[in-house]
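Let me begin by presenting the structure, written as structure tokens, before commenting on it.
Counting from 1, the numbers follow the sequence of the chain as shown.
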Amino acid sequence: MDPNYPSSPVVSDGGFTQPPAKKPFPKKLVFIGVGVLILIIVVIALMLSGGNKKKPGDTAKNGKDSSTYIAREGYEDENDAIGDAAAIFVRPTDRVINFAGQRVIQACSLLTLDDLKANGILLNANSLTGPVTRKVYDGRGSQQTGDISKYVTRSSDEINNCSYYLKGNKVAEVSVYQPFNASEASLKSDIERTYTAIPDVGGVKALKNNRENSFNKSESKWMLRSGSASAVLRTDVDEAKKEKLLVLVADRLKKAESTPTAYTNFEIKSPVMKGAVFTSCDLLSDTAFKQVLGVDAGALTEEKFASSIGVIEDPDTKKLYNYSSYDCVRSDVGDDAKLTMYTTTYETVEAAKSMFAFDKSPGAMAQNVQAVTPAIGDESFYGDTAALSSSITIRKGRLIIRVSYQNAAGSKIDAATRINTLRPILEAGVKNLAGF
């Protein structure tokens, strides 16, 4: 049985008063940076694995270190870059989030990690973020939603959404539509154009999307309608499991009419990771967002979680380190202003020190690096890193945090302005971190 490790720390709001900055860099730079980071880690991981595959029981055989590796059923084919393939868990809360006078139906509560496990469905093993991704109403941000179209519903990446990326390059995704984020007229328009009614599922009206995904012919999509809420399930698991997931989502949606769905936290815990993994977006508070960007944050927060504990090799010492990742992005209502945080938690301070030094080196494709003086946290620098362009990178104990912002001014914002704008929120946030 896995030990129970402490949950991620909470960062206080801070009550900052720094005047707002002008505005940041193009979105595509963020995506390019993330892609380069993934490439670097994949290369290191491949060097580490040497193409070898672990077999069941490797933690006790073949010289594997049980403090670094643990075998998990169903993940016997993972290479040596994965230390613990199944390290993500749900930590329920009793918090019910209200938005615009209504109780929010949480997408990740309609289809849970436990549901997937109970049906023999495995997440993709990845120590980088992505296996679990959500756009979530978490009680932060503005009560505004932006314009709600009478004709078109918002896409899944703009809505209350929970996505699980599964082993075998498959997906299970739930999106939730309520009156505050979708008009009845737009839903009816969607139904008329793309859905066909099927027999009710668990007392809930059900429709199946009649448009085939030409890129993934095994994908199915349903809309379930109950009360004033609708949920869309999209998945490409095998047919028998599709039906089971559909029944589960319908049952939960029906229950949500009378019993609120509570907000859930995700956490990473593993016998090979002695200590908490950072999975908290509290550093990007409403106050911090307004201070940096000069506008209110929207109500939806985007979070991306790893599913695994990774193993990475120090380029110089060849030591092996365990780590895991977490991302958080908050935006304004119009999605024009963004405050972005990428984090990596290492098992030891030694590991974080080593990888922090590597992050700012030419070998990690870092450019325009300059010192942040005085330092934020234990050490920090500014520059264009493989993870995130125009960002401040901070090491606090065994945690590395990268933060940047984006607005209409794009790349015109100079380094000094960015550092001065971000410094107050980062100093206050890092000061209140504990457990790292």
Any side-chain to backbone donor/acceptor pair from Thr133 onto Gly130? Under 3.5 Å, distance only.
yes
With Asn322 via side chain to side chain donor-acceptor pair (under 3.5 Å) - residues at least two apart:
none
Rounded to the nearest 0.5 Å, what separation is found between the CG atom of Leu110 and the CG atom of Leu224?
9.0 Å
Not counting sequence neighbours, which residues clear salt bridge (charged side-chain N to carboxylate O under 4.0 Å, His left out) with Lys304? List them please.
Glu302
Heavy atoms of other groups near Lys117 NZ, more than 12 under 6.0 Å:
yes
What distance separates Tyr405 OH from Thr421 OG1, expressed to the nearest 0.5 Å?
4.0 Å
Within a radius of less than 6.0 Å around CD of Gln144, do more than 12 heavy atoms belonging to other residues, nucleotides or ligands occur?
no
In short, ring-ring contact (aromatic ring centres under 6.0 Å, His included) pairs touching residues 119-143 with sequence neighbours left out are Phe99-Tyr137, Tyr137-Phe180
Side chain proximity check, Lys170 to Ile121, heavy atoms < 4.5 angstrom
no
Using atom types as modelled and distance alone, determine if a side-chain donor or acceptor of Thr153 lies under 3.5 Å from a backbone N or O of Ala182.
no
Using the test ring-ring contact (aromatic ring centres under 6.0 Å, His included), find all partners of Tyr346 that sit at least two apart in sequence or belong to another chain.
Tyr323
Is a salt bridge present between Arg140 and Asp286, judged by a nitrogen-to-oxygen distance below 4.0 Å?
no
Under the salt bridge (charged side-chain N to carboxylate O under 4.0 Å, His left out) test, which residues partner Asp384, sequence neighbours left out?
none
Using a 3.5 Å distance criterion without hydrogens, assess whether the side chain of Thr393 forms a donor-acceptor pair with backbone atoms of Ser380.
no
Arg95 CZ to Thr264 OG1 distance, which is reported to the nearest 0.5 Å:
10.5 Å
Residues two or more places apart in sequence or in another chain: which of them pass ring-ring contact (aromatic ring centres under 6.0 Å, His included) with Phe305?
Phe266, Tyr326
Test: Asp335 and Lys338 ion pair at under 4.0 Å
yes
Spatial distance of atom CG (Asn209) from atom OG1 (Thr194) [nearest 0.5 Å]:
4.5 Å
Main-chain N/O of Val176 paired to Asn160 side chain as donor or acceptor, under 3.5 Å
no
Within the distance-only criterion (no hydrogens, no angle test), does the side chain of Gln106 pair as donor or acceptor with the backbone N or O of Ala262 below 3.5 angstrom?
no
Looking only at non-hydrogen atoms, find the nearest pair between Leu284 and Met341 and report the distance.
CD1-CB, 4.0 Å
Using only atom types and a distance under 3.5 Å, with no angle test, would you say the side chain of Asn126 pairs donor to acceptor with the backbone of Ala306?
no
Can you list every pair that meets disulfide bond (SG atoms under 2.5 Å apart) and has a residue in residues 334-364, with sequence neighbours left out?
none
With sequence neighbours excluded, tell me which residues meet salt bridge (charged side-chain N to carboxylate O under 4.0 Å, His left out) with Asp236.
none
Can you tell me if Ser307 uses its side chain to pair, donor with acceptor, with the backbone of Asn124 under 3.5 Å?
yes
Residue pairs passing the disulfide bond (SG atoms under 2.5 Å apart) test with at least one member in residues 271-325, sequence neighbours excluded, are Cys281-Cys328
Quick test of your reading of the model: are Lys255 and Asp251 salt-bridged, counting only N-O distances below 4.0 Å?
yes
Quick check against the 3.5 Å criterion: does Ser270 have a side-chain atom that pairs as donor or acceptor with the backbone of Ala87?
no
Just jot down the salt bridge (charged side-chain N to carboxylate O under 4.0 Å, His left out) partners of Lys254, sequence neighbours excluded, or say none.
Glu257
Within a reach of under 6.0 Å around NZ of Lys167, are more than 12 heavy atoms found that belong to other residues, nucleotides or ligands?
yes
To the nearest 0.5 Å, atom CG of Leu339 lies from atom CG of Asp332 at 11.5 Å
Identified side-chain hydrogen bond (donor to acceptor under 3.5 Å, both in side chains) counterpart of Ser163 within the set Arg134, Lys135, Glu173:
Glu173
Would the distance check show the side chain of Arg423 and the main-chain N or O of Ile425 forming a donor-acceptor pair, the cut-off being under 3.5 Å?
no
Can you name the ring-ring contact (aromatic ring centres under 6.0 Å, His included) partners of Phe356, sequence neighbours left out?
Phe381
Sequence neighbours left out, what passes side chain to side chain donor-acceptor pair (under 3.5 Å) with Tyr164? Give chain and number order.
none
When rounded to the nearest 0.5 angstrom, what is the spacing between CD in Glu78 and CG in Asp80?
10.5 Å
Ser127 side-chain N/O to Ser308 backbone N/O, donor-acceptor pair under 3.5 Å
no
Closest approach of Val369 to Lys360 (non-hydrogen atoms, all atoms of both residues)
CG2-O, 3.8 Å
What's the shortest heavy-atom distance between Val171 and Thr235, and which atoms?
O-OG1, 2.8 Å
Gly377 and Val430: which non-hydrogen atoms are nearest, and at how many Å?
CA-CG1, 3.8 Å
